[in-house]
Amino acid sequence: YTPTFLTRNFYWQHGSKEAGWAYRVGKITPDQIFLSSKYISPVTTFLPNVGTGVFAAGYPDSGLGVVGGLYPSDRVSLVGSISDSNANRLNFGDIGAGDTYKAVQLGVKIFPVTPKAGYSKFFLWQNDGTKNGQGINAMTGQEGWGFAMKLEQELTSDGRAVGIFRYGRSYDDAAIWKQQAGLSVVLNDPPDPIRIKNDMVGVALNWVESVAEGSREEYNFEAFYRFALFPAVDTTLSYQSIFDPAFAPSIDQSSAFSLRVRTTD
């Protein structure tokens with residue numbers, strides 16, 4: 001981007017999980033609402049889109065829409081949304097064109113071990129494409145549909161270790177990824193000789209198949225370690241290894257090292 005001002009979220013929200021229902025109306029960001037997890041985040045955990053986003057879900061960009069949720073118990077949620085397929089984070093899209101992205105998600109805490117257990121989520125979507133047939137965000141601009149899931153489970157009795165499996169499948173070339181799958185494991189407060197508090201380590205294996213002609217199946221391995229360098233300052237060291245990059249047929253393997261520093265309050 002050249003220097004600019006982005007409005008990704010600007011909405012009215014009413015209700016809460018405690019009330020058993022909630023809704024938002026305004027400019028929303030679907031990929032921050034659906035199939036989300038606090039352990040799958042480019043801000044605090046894994047870095048690349050292949051490791052954090054389910055882009056086989058064909059998400060539109062940030063745009064006008066409405067999303068509502070029902071929470072009949074602390075272990076079940078149901079969320080649905082209708083938003084603008086022509087959405088654009090640089091403006092307010094074109095809701096008047098009548099092209100929409102529809103999605104519904106069932107969330108279930110299947111085998112919760114602690115009160116902090118996350119939802120496993122089952123997701124179904126359909127979009128009308130864009131008026132000019134050009135894509136943005138996870139959409140290609142074509143009409144189509146798909147499904148996805150995120151299975152999240154605590155692996156230890158104290159909830160410190162968490163495993164997450166994700167899978168998504170799109171149809172009619174409506175999403176930039178035809179298929180994707182990922183397996184991630186994170187450990188909160190891992191044992192270490194200097195006893196750093198509130199740190200986290202994670203590893204992930206990911207696979208994607210793009211809809212782009214001439215691309216190939218891509219595999220990704222990632223590992224990170226996040227720790228508090230100072231109070232209110234999180235530091236993350238990350239390593240990524242990409243095998244058979246989808247759009248670089250002359251390269252069999254590529255690596256990247258990353259350093260992320262983030263302030264919190």
Side-chain angles (χ1 to χ4, degrees), residues 8 29 31-57 109-121 138 148-168 177 180-208 217-246 248 251-265:
R8 298 211 65 188
T29 302
D31 58 28
Q32 295 178 359
I33 298 171
F34 297 109
L35 299 168
S36 59
S37 168
K38 66 180 180 179
Y39 296 113
I40 304 292
S41 167
V43 177
T44 58
T45 59
F46 301 98
L47 285 174
N49 282 336
V50 68
T52 59
V54 185
F55 274 21
K109 295 182 180 181
I110 301 176
F111 299 113
V113 178
T114 73
K116 298 185 293 183
Y119 288 98
S120 291
K121 299 177 179 180
M149 67 178 70
K150 184 214 71 171
L151 305 178
E152 182 170 329
Q153 179 60 44
E154 295 167 313
L155 303 177
T156 55
S157 59
D158 57 8
R160 289 170 55 201
V162 179
I164 300 172
F165 172 76
R166 297 172 300 135
Y167 177 77
W177 291 339
Q180 74 173 109
L183 178 62
S184 307
V185 177
V186 298
L187 178 60
N188 296 281
D189 292 319
D192 57 74
I194 57 178
R195 300 184 179 277
I196 297 176
K197 299 296 184 181
N198 300 317
D199 56 344
M200 178 187 292
V201 63
V203 294
L205 295 172
N206 301 288
W207 164 80
V208 295
E217 297 178 18
E218 180 178 306
Y219 303 84
N220 165 275
F221 168 79
E222 182 178 2
F224 77 87
Y225 176 55
R226 192 192 76 199
F227 58 97
L229 183 63
F230 302 106
V233 178
D234 280 343
T235 303
T236 304
L237 304 174
S238 176
Y239 170 73
Q240 303 167 48
S241 183
I242 301 172
F243 300 91
D244 298 335
I251 300 174
D252 294 327
Q253 190 271 337
S254 179
S255 297
F257 296 88
S258 301
L259 171 65
R260 177 182 61 206
V261 178
R262 174 176 177 262
T263 60
T264 58
D265 56 19

Within-4.5 Å side-chain heavy-atom neighbours: [X] and [Y]:
X    : Y    : result
I164 : I40  : yes
V113 : Q153 : yes
S238 : E222 : yes
K150 : F165 : no
Y39  : T44  : no
T114 : D158 : no
L259 : L237 : yes
V186 : V201 : no

Of all heavy-atom pairs between [X] and [Y], which one has the smallest distance, and what is that distance?
X    : Y    : value
E217 : W207 : OE1-NE1, 3.0 Å
A57  : L35  : CB-CD1, 4.4 Å
W177 : G53  : CZ3-O, 3.9 Å
N198 : D189 : N-OD1, 2.8 Å
K38  : T45  : O-CG2, 3.9 Å
R166 : N206 : NH2-OD1, 3.1 Å

So, the side chain of [X] versus the backbone of [Y]: is there a donor-acceptor pair under 3.5 Å, distance only?
X    : Y    : value
R160 : N188 : yes
T29  : R8   : yes
E218 : A246 : yes

Measure the [atom1]-[atom2] distance between [X] and [Y] for me, rounded to the nearest 0.5 Å.
X    : Y    : atom1 : atom2 : result
E152 : S184 : CD    : OG    : 10.0 Å
L205 : F243 : CG    : CZ    : 9.5 Å
L187 : T156 : CG    : OG1   : 7.5 Å
S258 : Q240 : OG    : CD    : 5.0 Å
D252 : I242 : CG    : CD1   : 13.0 Å
Y225 : M200 : OH    : CE    : 11.0 Å

Practice task
Give a yes or no on whether the ring-centroid distance for Y219 and F221 is below 6.0 angstrom.
Solution key: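 Not under 6.0 Å, so no.
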Handout entry: Short side-chain donor-acceptor distance under 3.5 Å, K121 and S36
Key =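 The criterion, which ignores hydrogens and geometry beyond distance, is satisfied for K121 and S36.
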Handout entry: Test side-chain contact (heavy atoms from CB on, under 4.5 Å) applied to D199 and R226, step by step
Key = CA-CA 5 Å; D199 56 344; R226 192 192 76 199; over 6 Å; no
